[in-house]
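Order of appearance sets the numbers: ligands from 1, and atoms from 1 within every ligand.
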Amino acid sequence: MIDLRSDTVTVPTPAMREAMASAPVGDDVYDEDPSIHALEERAAAMLGHEAGLFCATGSLTNVLGVWLHVTPGTEVLCDVDAHIARAEMGAHGALTGVTMRTWPSAHGKLQAAEVAKIVSPDAGPYLVSTACVAVENTHNFGGGTVQPFDELEAVRDLCRDLGIAFHLDGARLPNAAVASGVPLEEYGRLFDTVSLCLSKGLGAPVGSVLVGSAAAIARARVQRKRLGGGWRQAGILAAGGLYALEHHVDRLAEDHAAARALADAVAARAPQALDPTAVETNIVALDTGTVLATEVVAAAGALGVRVGTVGTRTVRAVTHLDVTHDQARTAGEVLGDVLARADQAA
Ligand SMILES: *Cc1c(COP(=O)(O)O)cnc(C)c1O
């Protein structure tokens, strides 16, 4: 089986397991775990912020990040395909008490003008006031797209002028940095808070980090405990995350090349399914046309290639640390054949 459902499926490398096994640990609820401190300090420094908070998931770091900036009854703006809106089980509404309003986006690409059209700070006694704008980089459901830096800067300026907070769902920010050449820190400095996943392309088994000001992270730590997210000797996990930050960032270029090889192999057989030149990072979105995405997933699965759906007619393949370039190309051939046959049958 070649498993391309997500870059979360990686298992720790022997060297990462070694780092985890020998990690010094303590009780993190008492703020005494040295491995967690090392990870939090490293992540904050890499992203140009004062402090970090290690959490179990990216959903939790997004919930805490947004929570810092809002009060119940205010709104968060994001794009229509944002992970915070679609894939966090309504947590921001259910737990934080915000509503969300979304701007449209093609392939998740940010256009500051779309944000400017709907932003509504200090909206008075009849309308909901915007408290926070959130963007995603790279954009997951958009197909691993990298946000244009000038658009990010324009939204940052807009937020600053209007006194609104700016949060980044940077689950795959290292992919964006490697693909664009823009350093992590330059992206990080645009935002009040950044959420970064260690368990995606970076290949750690568990965890995400939220970074922000020292005061903001101190508040987030209390809210994490309130939500039941305080943990004890989690330094064993943090050590895997720190290893990933130190050793697995630059190699993401290999995943991007593998995704492109997969996309090229699909396009050679089923050109209607995608534009391979639009593949920017490690995610390939395939348009299944007249057949259901679930049928393509089943047919590819029977041929040894596991992929997932992100829409009724969109299949997603994600390259990662545990698939080789050749396996990615082979998977592209299989997916291309399946899509070409489906197209002929239709
Ligand atoms: C994976 C992901 C998250 C966090 O997911 P968890 O499964 O909660 O760790 C957040 N945002 C994006 C864009 C993601 O891809």
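- For Thr57, heavy-atom contacts with ligand 1 shorter than 4.0 Å involve the backbone as well as the side chain.
- In the candidate list Arg86, Met89, His83, His83 is nearest to atom 10 (C) of ligand 1, counting heavy atoms.
- Distances shorter than 4.0 angstrom do not occur between any heavy atom of His139 and any atom of ligand 1.
- Scanning the protein heavy atoms around atom 7 (O) of ligand 1, the nearest turns out to be Ser59 OG, 4.6 Å.
- Just one residue in the list Asp3, Thr8, Asp7 forms a side chain to side chain donor-acceptor pair (under 3.5 Å) with Arg5, and that residue is Asp3.
- Closest heavy-atom approach to atom 4 (C) of ligand 1 among the candidates Gly142, Gly144, Ser208, Gly58: Gly58.
- Close contacts between ligand 1 and Glu88 involve ligand atoms 10 (C) [criterion: under 4.0 Å to a heavy atom].
- Residue contacts with ligand 1, taken as heavy atom pairs separated by less than 4.0 Å, involve Asn62 solely via side-chain atoms from C-beta onward.
- With distances taken over non-hydrogen atoms, the option nearest atom 11 (N) of ligand 1 out of Val63, Asp169, Asp7 is Asp169.
- Other residues, nucleotides and ligands contribute only 12 or fewer heavy atoms inside 6.0 Å of the CZ atom of Arg160.
- Counting only residues at least two apart or in different chains, salt bridge (Lys or Arg N to Asp or Glu O under 4.0 Å) contacts with residues 209-222 comprise Asp28-Arg221, Asp31-Arg221, Glu40-Arg221.
- Just one of Arg172, Arg260, Lys109 meets the salt bridge (Lys or Arg N to Asp or Glu O under 4.0 Å) condition when paired with Glu280; it is Lys109.
- Some N or O of Asn140 is nearer than 3.5 Å to an N or O of ligand 1, by distance alone.
- The cationic atom of Arg156 (NZ for Lys, CZ for Arg) does not lie both less than 6.0 Å from the six-membered ring centre of Phe191 and within 45° of the ring axis.
- Protein heavy atom nearest atom 13 (C) of ligand 1, with residue, atom name and distance: Glu136 OE2, 3.1 Å.
- Under the 3.5 Å distance criterion, the side-chain polar atoms of Glu114 are left unmatched by any main-chain donor or acceptor of Gln111.
- For Met1, the CE atom counts as densely surrounded, since its 6.0 Å shell holds more than 12 non-hydrogen atoms of other residues, nucleotides or ligands.
- Ligand 1 has no N or O atom lying under 3.5 Å from any N or O atom of Thr138, backbone or side chain.
- Of all protein heavy atoms, the one lying nearest to atom 14 (C) of ligand 1 is Lys200 NZ, 2.9 Å.
- The shortest side-chain heavy-atom distance between Tyr243 and Thr13 falls under the 4.5 Å cut-off.
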